[in-house]
2 protein chains.
Amino acid sequence: MPRWESDAQGRLERAALELFETQGFERTSVAQIARAAGLAERSFYRYFPDKREVLFTGNELEAHLVAQVEAVGPEVTPFEALLTALGTADEVFRSREFLLRRVRVIAASPALAERDLIKLADIAGALARALERRGVESGEARFVIDVAISISRRATSRWLADPDATFSELIAQAAAELREAVAPRAPVR
Amino acid sequence: MPRWESDAQGRLERAALELFETQGFERTSVAQIARAAGLAERSFYRYFPDKREVLFTGNELEAHLVAQVEAVGPEVTPFEALLTALGTADEVFRSREFLLRRVRVIAASPALAERDLIKLADIAGALARALERRGVESGEARFVIDVAISISRRATSRWLADPDATFSELIAQAAAELREAVAPRAPVR
DNA sequence: TCGATGACAGCAGATGCTGTCATCACATGG
DNA sequence: CCATGTGATGACAGCATCTGCTGTCATCGA
C-alpha cells in the first residue's frame, strides 16, 4: 500500500491492459506503461518482477481452491474434492467483462499465453501438495488435478460464452461429458 | 544440409544442453553457446528464433499424433482415437537417457518449463484441428485432447521411472485409472 | 570464368531487466 | 513548527536478448 500516491499497482495494471488491447503486448514498452500510469520505468519493476506479470497478480484462485480442497472430509474422493472446489471458483472471478478483455489480450500474445499456462501449472502444484497432505500419492494427485483442470477449462469456456449458466452447473456438466467420453464402449447406435 | 561446415544446428543443440546442465539456463549466454559450437552469436539466431528453442526442435511428435488420429476409421470415438495414437508415441521418443537429461534441464528453469507447456499446447491445437476435420465440435475436441494429454503425462512419468514397461501398456493403465477416478460413486469399502 | 546463392561475422540499436544511489513525501516525536 | 527517519520513487548505468543491415567468402550452376 503506497503511502502518498494511491494504488500505483492498480494504475499500472489498468494502463497495461489498455495499452495491450490497443497496441498489442509486444509493441508496448514497459516505459510506456509506466508513463501512462504516471511512474518511472524503474518503478514498474518494483511492483511486478516482469512485464507479463502485470496481468497475473494475485493468488486468490489458488488460495480458494486449496482451501476448498482442504475443507472437505477425508471420505471424499480426490476427484470429487477437486470438483466441489471448482464448483465455487466463480466466487473469485471478477466481472465477466473483465475476464473477457483479459482472455482476449492473453490469447493475442504467445508470451502472455505462456505465462498463463505457467500460472495454471503453479495452481496445479499447490493443489498437488494439498492432495498429498490428504495422503494421495504424488503422481496420482498430479493426474487427477490435470483432469480436473481440463474440466475447469471446458466449463470456463462455456461460462464466458453463456452469461446465464451457473459455473457449478457447468462443472458438473463437463464432468458428465467426461464420464461419457471415457466410457469403455460407447454404443454408437 | 549445410555446405561446408556440417551439422551446425546439431552442434548448437548439443553445446546448449551441455552448458545448461552445468551452468543452468539463465547463466548461459547465447554468445557462449555459439562459441562452444564454433559459431558467432549472430549465427545462433539463424538456426533458432529464440534462446529457448534450442531444446525444442522438431515436430515429430505432433506429426506422428496427427497422422495416427487421421488414420483411424470414423467409427472410433475421439477419445479412443487419441489413446491409440498415444499408444505408439514412443516411436518418436529418443533414448530414455536423452529424455531424462532434457526433462531435468527443463524442470530446472522456469523459462524452459514455459516453453515446454507451449509446445504441448501447440500439439493440442494441431490435434484439435485434426479432430475437427473428423466432425468433432471445437470445444469438445479441446476437452478430450486435454484429458488425453493428462493421460499421456501420467504414462510418460511412469515410463521414465520404469525402464521395463511398454508405453502403450502405461497409456492403457492410465486410462483405466481415469475411469476409476471419475466413476460416479467409488464404493470405498 | 563469372554471376548467383548460401553460410557466416560484425556492428548498431531497441528493449527487457537489474543494481546502485540519491532524492522526495510523508509520519512521527520533540 | 521543525528535525529526523523511513520507505517509495527516480536517475543513471549496465548486461543480455533479439533484430536489421551490410560485407565477405566459399561453393554451385551455366
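Note: hydrogens, waters and symmetry copies are ignored here, and every other heavy atom, side chains too, is used. Letters A, B, ... are given to chains in the order of the sequence lines, protein chains preceding strands, and every chain is numbered from 1. What you see is a predicted model; the values in this text were computed from it and never measured.
- Salt bridge annotation for B:Asp146-A:Arg154: absent, with no cationic side-chain nitrogen under 4.0 angstrom from a carboxylate oxygen.
- The separation between A:Arg52 atom CZ and C:dC17 atom C1' is 12 Å, rounded to whole Å.
- Of the residues in residues 110-122 of chain A, not one places a heavy atom less than 4.0 Å from an atom of DNA chain C.
- Remark: side-chain polar atoms of B:Arg134 are paired, donor with acceptor, to backbone N or O of B:Val69 under 3.5 angstrom.
- Taking the ring centre of A:Tyr45 as origin, the terminal cationic atom of A:Lys51 falls outside the region bounded by 6.0 Å and 45° from the ring axis.
- A:Asp162 and A:Arg96 are not joined by a salt bridge, as no carboxylate oxygen comes within less than 4.0 angstrom of a charged side-chain nitrogen.
- Relative to the side chain of A:Arg42, the nucleotides C:dG10, C:dT18, D:dC18 differ in distance, and C:dT18 lies closest.
- One finds no salt bridge joining B:Arg102 and B:Glu97 here, because no Lys/Arg side-chain nitrogen approaches an Asp/Glu carboxylate oxygen to under 4.0 Å.
- If you measure from atom CD of B:Glu53 to atom P of D:dT19, you get 12 Å, rounded to the nearest angstrom.
- The nearest whole Å value for the distance from the NZ atom in A:Lys51 to the P atom in C:dT18 is 14 Å.
- We find that CZ of A:Phe44 is positioned 19 Å from C1' of D:dA11, with the value rounded to whole Å.
- With sequence neighbours excluded, no residue satisfies salt bridge (Lys or Arg N to Asp or Glu O under 4.0 Å) with A:Arg46.
- The side chain of A:Glu41 approaches C:dC17 more closely than any other nucleotide in the set C:dC17, D:dT19, C:dA9.
- A donor-acceptor contact under 3.5 Å is formed by the side chain of A:Arg46 with the base of D:dG10.
- Taking atom CG on B:Leu12 and atom C1' on C:dC8, their separation rounds to 12 Å, with Å as the unit.
- Between the CZ atom of B:Phe48 and the P atom of D:dT17 there is a distance of 15 Å, rounded to whole Å.
- Straight-line distance from the CZ atom of A:Arg11 to the C1' atom of D:dA8: 12 Å, rounded to whole Å.
- The side-chain tip of A:Arg11 does not point at the ring of A:Tyr47 from less than 6.0 angstrom away and within 45° of straight on.
- Near DNA chain D, defined here as any heavy-atom distance below 4.0 Å, the residues from residues 22-33 of chain B are B:Thr28, B:Ser29, B:Val30, listed numerically.
- The OH-P distance, from B:Tyr47 to C:dG6, rounds to 13 Å in whole Å.
- Counting only N and O atoms by type, the side chains of B:Thr57 and B:Glu13 include a donor and acceptor under 3.5 Å apart.
- With salt bridges taken as basic N to acidic carboxylate O contacts below 4.0 Å, none links B:Arg158 and B:Glu169.
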